[in-house]
Amino acid sequence: MDINRRNLLALGGLTLAGATLAPPLGHAQTPKRGGTLSLRLWDPPHFDLHAAGGLSYKLHIPMSFTHSRLVRHKTGPAVVPGTFQFEPDLAESWTQPNETTYVFKLRRGVKWHNKPPANGREFVADDVVYTINRFQTTKGHANAHMLKALDKAEAVDKYTVKFTLKEPSAWFLDTLASPMVVAMVCKEASEKFGDLKKVESFIGTGPWMLDSYRPNQGFTLVRNPSYFLPGLPHIDRVEVFVDEDNASRMSSFLAGKYDIGWEFPGQINRTDWVQIKDSLKQKRPNLKVVEFPANVMSHISMRTDQKPYSDVRVRQAISHAIDRQGILDATAEGVGVFNAAVPAALKDWALQVNQLGEGAKYFKHDPAEAKRLLAAAGYPNGFSASMCFTTYGSTVLIDAMQVVLKNLKDVGIEGKLDQKEYGAYITSCFYGKFDAMTYGPQTPFLEPDSFLFGQYSPDEPRNQSHVNDPVLADMLIRQRRTFDMAKRKELVAEIQRYLAKQQYYVTTASGIYVAVWDGALQNYGPNIGYDYGGRLLNTWLNR
């Protein structure tokens, strides 16, 4: 299906992925062992998932190759992007005796990477308990809230782990399956090095092992010969390159250096794609391409605990000021989908804008109405405000920021750009430590609860806008405790309609990913999220 602005706006992005974008299945082939896969990724800030600064796609993606979880999401060309089904990883099975208890039976014979200080010892239930306790107690761990409902993890025996929750949590399995949350970490490495920040501590049970690391240049992963799934992975070596220059990345991809698109999550941003696709037809005619909505959405967050943002009319005015389609025109050839609180990529949960009821009107670009609302709130001449921002190394984001600043200025809000280095931004503005407003992309979660509870519940570290709304807090807790899927979907829909009126965050739009990979990479299926390693586990290279 040709994706353009007209049919995307008509569809709202929700039916698009499910209806049209499952990658075509290739002819059945016998997997081929060996070869080297080349990727452009990023330099990790350090190697400790739980330490301050560990909340980074730059670390989560490499960990998806080297570290395992109790459960994971199914991958492959038959999986429709934006959909997720659980399957065993370190656990061979699990049961839920009641709403607050989960019992996991572990695979036997799983081994840590054969590197000191673990030296290939067996993975057991005590390792799960250690990881969970460290997850919950490490100072500065920004994802600790994702297991807020968990009371304790216990090793029943060597191969059985019991989780007891403080309250029902319908999203508990989703949390355990997330590639950014509960990867199992090595106790011996943590104890030897004092933490897991050092590259020597990067030891897991996953399909590949870290072989070498070259700061700011790249790293090499090699096949784990003791991986617990016999015969996997098929690919022997993964070479990762760090390249922060966009022109260099484009020319390298044209020359065949990278096997998968250089932008997250293995795609090429649309502006670059339009520029080079004709050349690629000549130079790399065997490339495979699939398009689907992104779950990375950018938004303006505000200090809603302070004036002027504590006034709903000011927030609604800011939403009216933003030209969402104009941002897409400037950065993505006009192609994308408009988001409310849940990105359209999560097609089973997200509402289209025209389904948001009374709040839908605030997504319309209407500078005159924005000025009227500002005047009614006591700001007829507007106001000035700092706008915290980091580029994420993305030319697209820089262009979007310029449109946002212009839109605000058009209604009398003088945005003063406060640009920070990525690390400084993540440790401050990303966690609500800013004076007025921020603008930027949000973590691409794979379920709606993290977009909702994590960003709107009081005292949560991701609550950038300092939201404290008792009515909303009650709805957020109720959806977490609702196991009936149909009822939970209605609660999530109710929350989205409520948030559309409140505009605690002013969301812009998500792009449409152009996922690209070399035809020599067989049995590959792209999807949203950080799980590069999972998507490559069952692939092979036919060259």
Side-chain angles (χ1 to χ4, degrees), residues 44 47-50 54 59-75 86-94 104-135 153 155 157-161 163 173 175-193 195-211 213 219-238 530-539:
F47 292 89
D48 193 337
L49 178 65
H50 303 147
L59 174 59
H60 295 151
I61 292 172
M63 289 193 81
S64 71
F65 290 89
T66 57
H67 289 63
S68 308
R69 309 180 291 281
L70 289 175
V71 293
R72 63 186 176 211
H73 296 124
K74 186 173 289 188
T75 61
F86 301 129
E87 66 178 8
D89 197 7
L90 289 169
E92 64 178 14
S93 65
W94 61 89
F104 290 84
K105 294 290 186 180
L106 302 182
R107 298 178 190 266
R108 299 182 182 223
V110 174
K111 296 180 179 179
W112 291 99
H113 294 160
N114 191 16
K115 302 168 69 173
N119 297 316
R121 75 160 174 83
E122 188 178 16
F123 176 88
V124 294
D126 284 339
D127 292 310
V128 178
V129 175
Y130 174 79
T131 295
I132 297 299
N133 289 342
R134 192 175 192 274
F135 181 102
D157 57 42
K158 191 175 182 180
Y159 302 107
T160 307
V161 181
F163 290 96
L173 283 178
T175 301
L176 294 184
S178 172
M180 68 183 71
V181 185
V182 199
M184 295 294 128
V185 298
C186 180
K187 178 180 180 180
E188 289 92 337
S190 180
E191 291 179 344
K192 178 176 180 178
F193 300 110
D195 55 35
L196 296 173
K197 292 183 178 180
K198 296 180 176 63
V199 65
E200 294 85 358
S201 69
F202 204 55
I203 299 169
T205 58
W208 287 274
M209 304 184 296
L210 184 65
D211 183 61
Y213 170 60
F219 49 92
T220 301
L221 303 162
V222 294
R223 184 179 188 271
N224 175 10
S226 299
Y227 185 56
F228 54 80
L229 294 180
L232 293 177
H234 303 300
I235 295 172
D236 278 345
R237 194 176 189 90
V238 180
Y530 295 150
D531 197 11
Y532 279 57
R535 293 193 287 272
L536 290 165
L537 175 60
N538 288 283
T539 65

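On a predicted model such as this, the values are computed, not experimentally measured, just so you know.
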*Report the C-alpha separation of F65 and L536 in whole Å, then their side-chain angles, then the decisive distance to 0.1 Å, and conclude whether the side-chain contact (heavy atoms from CB on, under 4.5 Å) test is met.*
CA-CA 9 Å; F65 290 89; L536 290 165; 3.7 Å; yes

*asked:* Assess the residue pair Y213 and F47 against the criterion (side-chain contact (heavy atoms from CB on, under 4.5 Å)); give the C-alpha distance rounded to whole Å, side-chain angles, the decisive distance to 0.1 Å, and a yes or no.
replied: CA-CA 11 Å; Y213 170 60; F47 292 89; 4.0 Å; yes

*side-chain contact (heavy atoms from CB on, under 4.5 Å) between R134 and L196: does it pass, once the steps are laid out?*
CA-CA 11 Å; R134 192 175 192 274; L196 296 173; 3.6 Å; yes

*Please test Y130 against S190 for side-chain hydrogen bond (donor to acceptor under 3.5 Å, both in side chains), starting from the C-alpha separation and ending with a verdict.*
CA-CA 10 Å; Y130 174 79; S190 180; 2.9 Å; yes

*Using the side-chain contact (heavy atoms from CB on, under 4.5 Å) rule, take R69 and M184 through it: C-alpha gap first, then chi angles, then the decisive distance, then the call.*
CA-CA 6 Å; R69 309 180 291 281; M184 295 294 128; 6.0 Å; no

*Just do the salt bridge (Lys or Arg N to Asp or Glu O under 4.0 Å) check on D48 and K197 with the steps written out, would you?*
CA-CA 5 Å; D48 193 337; K197 292 183 178 180; over 6 Å; no

*Where do R121 and E188 land on the salt bridge (Lys or Arg N to Asp or Glu O under 4.0 Å) test, with the steps shown first?*
CA-CA 10 Å; R121 75 160 174 83; E188 289 92 337; 2.3 Å; yes

*Show the numbers, then the answer: is there a side-chain hydrogen bond (donor to acceptor under 3.5 Å, both in side chains) between Y159 and E122?*
CA-CA 11 Å; Y159 302 107; E122 188 178 16; 2.8 Å; yes

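Between H67 and F202, the ring-plane angle classifies as tilted under the 30° and 60° cut-offs.
Taking OG1 from T175 and CG from L70, the interatomic distance works out to 12.0 Å, rounded to the nearest 0.5 Å. Atoms CG and CE, from D531 and M63 in turn, are 12.0 Å apart once rounded to the nearest 0.5 Å. For the atom pair CG of L176 and CD1 of I132, the computed distance is 6.5 Å after rounding to the nearest 0.5 Å. Atom OG1 of T205 and atom CZ of R107 lie 10.0 Å apart (nearest 0.5 Å). Atom OG of residue S226 and atom NE2 of residue H113 lie 9.0 Å apart, to the nearest 0.5 angstrom. Of the inter-residue distances, the one linking F163 atom CZ with L173 atom CG reads 10.0 Å to the nearest 0.5 angstrom.
For the pair W208 and L221, the tightest heavy-atom approach, listed with the atom from each and the gap, is CB-CB, 4.0 Å. Residue L210 comes nearest to T66 through the heavy atom pair N-CG2, 4.1 Å, listed as atom of the first residue, atom of the second, then distance. In terms of heavy atoms, S68 sits closest to F228 at OG-CE2, 3.7 Å. A pairwise comparison of heavy atoms in I235 and R223 identifies O-CB, 4.0 Å as the closest pair. Closest heavy-atom contact between P225 and M209: CD-CE, 3.9 Å. Closest heavy-atom contact between T75 and G534: OG1-O, 3.0 Å.
Contact check for N538 versus L232: side-chain heavy atoms found under the 4.5 Å cut-off. Counting only heavy atoms from C-beta outward, the side chains of V238 and T220 never approach each other to under 4.5 Å. For the pair L229/L537, a side-chain contact is recorded, criterion being any heavy-atom separation below 4.5 Å from C-beta on. Looking at H60 and L49, their side chains come closer than 4.5 Å, going by heavy atoms from C-beta outward. Side-chain atoms of L90 and F104, non-hydrogen and from C-beta on, never get closer than 4.5 Å to each other. Under the 4.5 Å side-chain criterion, counting only non-hydrogen atoms from C-beta, I203 is in contact with P117. Side-chain contact check for F135 versus V185: every heavy-atom pair is 4.5 Å or farther apart. Considering only heavy atoms from C-beta on, R237 comes within 4.5 Å of D211 through its side chain.
Within a 6.0 Å radius of NZ in K115, other residues, nucleotides and ligands contribute more than 12 heavy atoms. Around atom CZ of R108, no more than 12 heavy atoms belonging to other residues, nucleotides or ligands sit under 6.0 Å away.
Listed for the T160 side chain is no donor-acceptor partner under 3.5 Å among the backbone atoms of D157.
There is no side-chain donor-acceptor pair under 3.5 Å between K105 and S93.
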